[in-house]
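Dropping the structure in here first, questions after.
Convention: sequence-line order gives letters A, B, ...; per-chain numbering from 1. Side chains are part of it too, since the values below use all heavy atoms of this structure and drop only hydrogens, waters and symmetry mates.
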Protein chains: 2
Amino acid sequence: MARTFGSSGEVTAARVRAAALELFANQGYAAVSMRAIGAKTGIQASALYNHFPTKQAILVDLLETHMLGLLAAWEAESQKFHTPIEALDGFVRFHISYHLDRQDAVFISYMELRNLEPEGFVRIEKLRKYYEGFLRKIISLGKANGDFLVDDEPVATMAIIAMLTGINTWFRNNGRLTSSEVEEIYVKMAFGSLECQYEQRNAVAKARAIA
Amino acid sequence: MARTFGSSGEVTAARVRAAALELFANQGYAAVSMRAIGAKTGIQASALYNHFPTKQAILVDLLETHMLGLLAAWEAESQKFHTPIEALDGFVRFHISYHLDRQDAVFISYMELRNLEPEGFVRIEKLRKYYEGFLRKIISLGKANGDFLVDDEPVATMAIIAMLTGINTWFRNNGRLTSSEVEEIYVKMAFGSLECQYEQRNAVAKARAIA
DNA sequence: ATTGTAAAAGAACGAATGTTCATTTATAAA
DNA sequence: TTTATAAATGAACATTCGTTCTTTTACAAT
């Protein structure tokens, strides 16, 4: 056989991405063979090379697509917020909901960095730092105007991101909690970790309820 | 050549563990070959089988040793504390210092679970749950007596452990902060995330200063 | 209708994988 | 001093790996 009825480059490439994403997330990049990706896509391993030059290129594509999507989504969402307290509230909710909707992509983004060859690594790492910079800036502004009482902004940034991203290790759809219940809990914990007072937070909650 | 001058089973096995630990942490279980482990140990790959029956057995040995060591160390350390506030303070400091001293082991313990075959996985997972149970109990007791204001104890447990374990992704010896400076910051953030009031925490700090 | 190209199959490549085996030598016990 | 065993080597095993190549067929444009 050869070219298959109804086959289209873009469609197949998307199916390859989806297949690779799920396999990498479940078994790890190194443990997944091109034959396995091909099988899940429904084509032979050799046909993968019509869409991606190497296995490594598939991984880089997945990570880069994920990070660029994340950055774009937050840049849009962040327009809504005008104070550090609003922004932190929004960031926590955004991070949780965005990441819970993309558990596989998040997983490989944090786990497969070491499987990237140098060029890919620096590209992805730069995007990650950029994202962390958003939260750091929120914390810095909040510290400057007295909303947050925090000793070390870079550390607080990493602590909160780790706390949030860790949700992916235990959260299950149709589990005990819904995504928005989880958001509620983590918003409270994030503000607490920055020693932000009750009254200020309640003002945000009130504004949210009115809007 | 054959048996090497001065070779001893226990000594070699320990060197194999050390070599595998470093390689697994840096490259991932699947990406490390038995030949690479052998080379780093200073023996041939085939000689590894005098000490471990399979590659998988090396991984299980490393994970199990790490978790059992962690549990034993906390069970000893925890004897020192008699209130939830003392215990949380102690747990945070213990977790950070223990994990920062064993970065490679921690890394593979959280990253290579998916590379475990089922029998090994349940063994290790049980030990992890057991460790998480210690923190959960501290939080539950603190909630019961009013020290901590927390909505969901299991979630708070996972959030704090994720926050603490995430330190390993960015902390570097001889970096900007010392291990004990990091402890200080995270103790404060952990208490904050549980809405524990200043006065109570300061009592602990005072007691610590006196002792 | 013809033609150029895109997308697939399937065989094949050399290299690397985890593991086994026969063999050799050091060590410890009798 | 002899003997059993522990610890190593090095060759070899069948598989699997990522990738390349040739060939076949579907599709789009002329």
Side-chain angles (χ1 to χ4, degrees), chain A residues 1-21 23-24 26-63 108 112 114-120, chain B residues 1-21 23-24 26-63 108 112 114-120:
Chain A
M1 241 198 291
R3 180 167 184 169
T4 257
F5 178 82
S7 63
S8 144
E10 263 318 302
V11 172
T12 302
R15 288 224 314 282
V16 171
R17 281 191 199 89
L21 181 62
L23 290 171
F24 289 165
N26 289 334
Q27 304 168 222
Y29 174 77
V32 173
S33 69
M34 291 295 269
R35 285 164 182 81
I37 298 172
K40 193 163 194 94
T41 307
I43 61 179
Q44 295 296 316
S46 56
L48 294 170
Y49 291 84
N50 290 318
H51 308 281
F52 298 91
T54 61
K55 181 187 177 189
Q56 174 84 194
I58 301 178
L59 178 60
V60 173
D61 181 286
L62 290 176
L63 297 190
I108 69 170
E112 303 297 355
R114 66 177 166 193
N115 285 117
L116 288 173
E117 287 152 18
E119 321 89 72
Chain B
M1 243 201 292
R3 180 166 183 169
T4 260
F5 178 81
S7 63
S8 146
E10 263 318 302
V11 171
T12 302
R15 288 223 315 282
V16 171
R17 281 191 198 89
L21 180 62
L23 289 171
F24 288 165
N26 289 333
Q27 305 169 222
Y29 173 77
V32 173
S33 70
M34 291 296 268
R35 284 165 182 80
I37 299 172
K40 194 165 193 91
T41 307
I43 60 179
Q44 296 296 316
S46 55
L48 294 170
Y49 292 84
N50 289 318
H51 307 281
F52 299 91
T54 61
K55 182 187 177 188
Q56 175 83 195
I58 301 179
L59 178 60
V60 173
D61 180 285
L62 289 176
L63 297 190
I108 69 170
E112 303 298 353
R114 66 178 165 194
N115 284 117
L116 288 173
E117 286 152 17
E119 322 89 69

Show every salt bridge (Lys or Arg N to Asp or Glu O under 4.0 Å) that has at least one partner inside residues 40-52 of chain A, sequence neighbours left out.
A:Glu22-A:Lys40
Short side-chain N/O contact to C:dA6 OP1/OP2 from A:His51, under 4.0 Å:
no
Please identify each residue that fulfils salt bridge (charged side-chain N to carboxylate O under 4.0 Å, His left out) with A:Arg114, with sequence neighbours left out.
B:Glu112
What residues, two or more places apart in sequence or in another chain, satisfy side-chain contact (heavy atoms from CB on, under 4.5 Å) together with A:Ala36?
A:Leu23, A:Val32, A:Ser33
Identify the heavy atoms of A:Gln27 and A:Ala31 that sit nearest to each other, and give their distance.
O-CB, 3.2 Å
Taking atom P of D:dA12 as reference, at what distance in whole Å does atom CD of B:Gln44 sit?
14 Å
Confirm from the modelled atom types if B:Asn50 and D:dA6 form a donor-acceptor pair under 3.5 Å, side chain to base only.
no
Excluding sequence neighbours, so at least two apart, what forms side-chain contact (heavy atoms from CB on, under 4.5 Å) with A:Ala57?
A:Pro53, A:Thr54
Check: B:Ala45 main-chain N/O paired with B:Arg35 side-chain donor or acceptor under 3.5 Å
no
If we fit an axis to the first five pairs and another to the last five of the helix from C:dA1-D:dT30 to C:dA30-D:dT1, what angle do they make, to the nearest 10°?
20°
Set of side-chain contact (heavy atoms from CB on, under 4.5 Å) partners for A:Glu117, sequence neighbours left out
A:Gln56, A:Glu119
Mind calculating the distance between CD (B:Glu10) and P (C:dA28) to the nearest angstrom?
14 Å
How many Å lie between CG on B:Leu48 and C1' on D:dG10, as a whole number?
14 Å
Which atoms of nucleotides 17-21 of chain C (N or O only) lie under 3.5 Å from a protein N or O atom, and what are those distances?
residue : atom : partner : partner atom : Å
C:dG18  : OP1  : B:Val32 : O            : 3.2
C:dG18  : OP1  : B:Lys55 : NZ           : 2.9
C:dG18  : OP2  : B:Met34 : N            : 2.8
C:dG18  : N7   : B:Arg35 : NH1          : 2.9
C:dG18  : O6   : B:Arg35 : NH2          : 2.9
C:dT19  : OP2  : B:Tyr49 : OH           : 2.7
C:dT19  : OP2  : B:Lys55 : N            : 2.9
C:dT19  : O5'  : B:Tyr49 : OH           : 3.2

Taking the six-membered ring of B:Tyr29 as reference, does the cationic atom of B:Lys55 (NZ for Lys, CZ for Arg) lie under 6.0 Å from its centre and within 45° of its axis?
yes
